[in-house]
Each structure stands twice: as structure tokens, then as C-alpha cells.
Amino acid sequence: MSDPHTGWSQGDRALAAGKLMLAWVALLWLLEVVDVATGHALDGFGITPRDPSELVDVVPSSFIHFGFAHLAANTVPLLVLGFLAALAGLRRFLLVCALIIVVDGLGVWLIAPADTNTAGASGVIFGLFGFLLVTGFVERRPLGVLAGVLIAAIWGGSILTGLAPTQTGVSWQGHLIGLLAGVAAAFLFRRRPEPSGALGAA
């Protein structure tokens with residue numbers, strides 16, 4: 001079956017989504033290699049809250065990690081959730097991710113504890129989880145609802161753990177804001193039902 005607007009088949013969409021997410025993850029790993037090779041010079045692109053000069057790091061912070069273990073923990077969920085979200089269309093996916101990254105970064109800048117440095121793709125991961133969780137309900141699409149339920153069953157426990165304020169060394173604020181941004185994106189970028197086909201006048 002092809003998309004009437006783009007002419008892409010479901011296989012085309014899956015291939016494009018897979019390529020995009022593999023490229024995204026490859027970029028993150030390349031950046032971490034550069035970070036290690038330069039004595040962690042890229043760690044400075046994390047967000048230190050309420051410092052006006054740090055606003056330029058709102059976007060870059062989502063692509064920087066504090067070590068390979070940190071990056072490895074984010075790789076699989078970003079790859080899987082990103083792939084699933086991108087299946088519905090790359091343009092919408094990029095808009096959703098842009099919203100999550102900016103809102104999450106600004107939220108961390110505003111409410112994270114003083115003298116902290118926050119970076120990593122986990123805000124995007126939590127945002128994509130929120131987006132996928134509710135978008136099927138928002139758009140009233142049975143397959144989307146089923147996907148949301150399955151995602152909640154698989155990732156829900158990890159998400160709840162990541163929201164716990166008692167965890168040390170983890171930005172639960174960034175996780176929470178990312179999650180809320182993803183839910184908001186599901187409403188802002190929801191697909192409207194196709195209008196019923198009308199017969200044209202002869």
C-alpha cells in the first residue's frame with residue numbers, strides 16, 4: 001500500500017526510518033569518540049541551568065553523552081522508539097523531535113538544580129515514548145493505540161524509574177519535561193482524518 005500524498009510504500013517508509021535512526025545513533029557514537037579523544041571537550045555543551053550563555057546549548061546537549069556507558073544505555077531505546085515514531089512520516093517525526101529537544105532543553109535550563117551539567121538523548125527518548133503512547137488515542141487509530149499499549153508494557157517500568165526524583169546522577173527533570181513535550185507533540189502534530197471522497201461534478 002502506498003501513501004497517496006508521497007507515493008511511498010510501507011517498505012519505503014520503514015527503510016527511510018531505519019536509515020535515519022541508524023545515522024542518528026552513528027552520529028551520537030562519533031561525537032562520543034571525538035569527546036573522549038579531546039579529553040571530554042564536548043561535555044561543555046551540556047546545560048548549566050539559569051546561565052544565559054548556556055541557552056546556546058539547549059539543542060547540542062541532546063547529542064552529547066558523559067561516556068560510552070551513558071550513550072550505550074540510550075542507544076537501543078532511541079533506535080527503537082525513533083524508528084517506530086518515524087514510520088508515520090519523516091517530516092512529522094523531525095518536527096516532533098525538534099519540539100521535544102527545544103522544550104526539554106529549555107525546561108532543564110529553567111528548573112534543573114544549580115551547578116549541574118545535563119546532557120544526553122534521554123529527554124528525546126522520554127519524549128518519543130510519550131508521543132507514541134498517546135498518539136494512537138489522539139488520532140483514534142486502532143493500530144496506534146495497540147502500539148502505545150505494547151510500548152507501555154515494554155518500556156513503562158524503565159520510564160517510571162527514570163522519573164523518580166530519588167535517583168542520583170539522573171536528570172529526572174529532563175525526563176519529565178521530555179515526556180510532557182512528547183505528549184504535547186502528539187496533539188500539536190496529530191494527523192487529521194482524511195476527508196471522505198466526494199464525486200466531482202461532470
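When atom types are taken as modelled, the side chain of Glu32 and the backbone of Leu71 share no donor-acceptor pair closer than 3.5 angstrom. With hydrogens and angles disregarded, no donor-acceptor distance shorter than 3.5 Å links the side chain of Trp155 to the backbone of Pro77. The backbone N or O of Phe189 sits less than 3.5 Å from a side-chain atom of Arg92, completing a donor-acceptor pair.
Separation of atoms CG (Leu110) and CD1 (Ile177) is listed at 7.5 Å; rounding is to 0.5 Å. Phe93 contributes atom CZ, which lies 10.0 Å from atom CG of Leu84 (distance to the nearest 0.5 angstrom). In this structure, CG on Leu163 lies 6.0 Å from CG on Leu176, to the nearest 0.5 angstrom. Note that CG of Asp57 is 11.0 Å distant from OG1 of Thr118, once rounded to the nearest 0.5 Å. Note: Leu87 CG to Leu15 CG = 11.0 Å, rounded to the nearest 0.5 Å. Atom CD1 of Ile125 sits about 8.0 Å away from atom CD1 of Ile159, to the nearest 0.5 Å.
In this structure the side chain of Leu20 reaches within 4.5 angstrom of the side chain of Leu90, judged on heavy atoms. Residues Leu78 and Trp24 have side chains in contact (heavy-atom distance under 4.5 Å, counting atoms from C-beta outward). Between Pro113 and Gln173 there is a side-chain heavy-atom pair separated by less than 4.5 Å. Within the 4.5 Å cutoff, the side chain of Trp172 has heavy atoms near those of the Pro165 side chain. Counting heavy atoms from C-beta outward, Phe68 and Val36 have side chains that approach closer than 4.5 Å. Looking at Asp43 and Ile64, their side chains come closer than 4.5 Å, going by heavy atoms from C-beta outward. Looking only at side-chain heavy atoms (C-beta outward), Ile101 and Phe63 come within less than 4.5 Å of each other. The closest side-chain heavy-atom distance from His175 to Ser122 is below 4.5 Å.
Minimum heavy-atom separation, Ser61 to Ile47: OG-CD1, 3.3 Å. The heavy-atom pair separating Leu128 from Ile100 by the smallest distance is N-CD1, 3.8 Å.
Sparse packing is recorded around CZ of Phe187, with 12 or fewer heavy atoms of other residues, nucleotides or ligands lying under 6.0 Å away. With a 6.0 Å radius and a threshold of 12 heavy atoms from other residues, nucleotides or ligands, Leu30 has its CG atom above the threshold. Within a 6.0 Å sphere centred on CZ of Arg91, other residues, nucleotides and ligands contribute 12 heavy atoms or fewer. Phe83 CZ: more than 12 foreign heavy atoms inside a 6.0 Å radius.
Hydrophobic clustering, with ILVMFWY side chains joined whenever heavy atoms are under 4.5 angstrom apart, groups Leu95 together with Leu133.
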What do the steps show when you test Leu22 against Lys19 for side-chain contact (heavy atoms from CB on, under 4.5 Å), and what is the final call? CA-CA 5 Å; Leu22 287 173; Lys19 287 181 177 179; 5.9 Å; no
Would Leu28 and Thr75 satisfy side-chain contact (heavy atoms from CB on, under 4.5 Å), going step by step from the backbone distance to the final call? CA-CA 9 Å; Leu28 297 185; Thr75 293; over 6 Å; no
Would you check, one step at a time, whether the test side-chain contact (heavy atoms from CB on, under 4.5 Å) holds for Asp35 with Phe66? CA-CA 9 Å; Asp35 185 46; Phe66 300 131; 6.0 Å; no
Residue pair Thr48, Asp115: steps toward the side-chain contact (heavy atoms from CB on, under 4.5 Å) verdict: CA-CA 6 Å; Thr48 300; Asp115 302 319; 5.8 Å; no
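With salt bridges taken as basic N to acidic carboxylate O contacts below 4.0 Å, none links Glu139 and Arg190.
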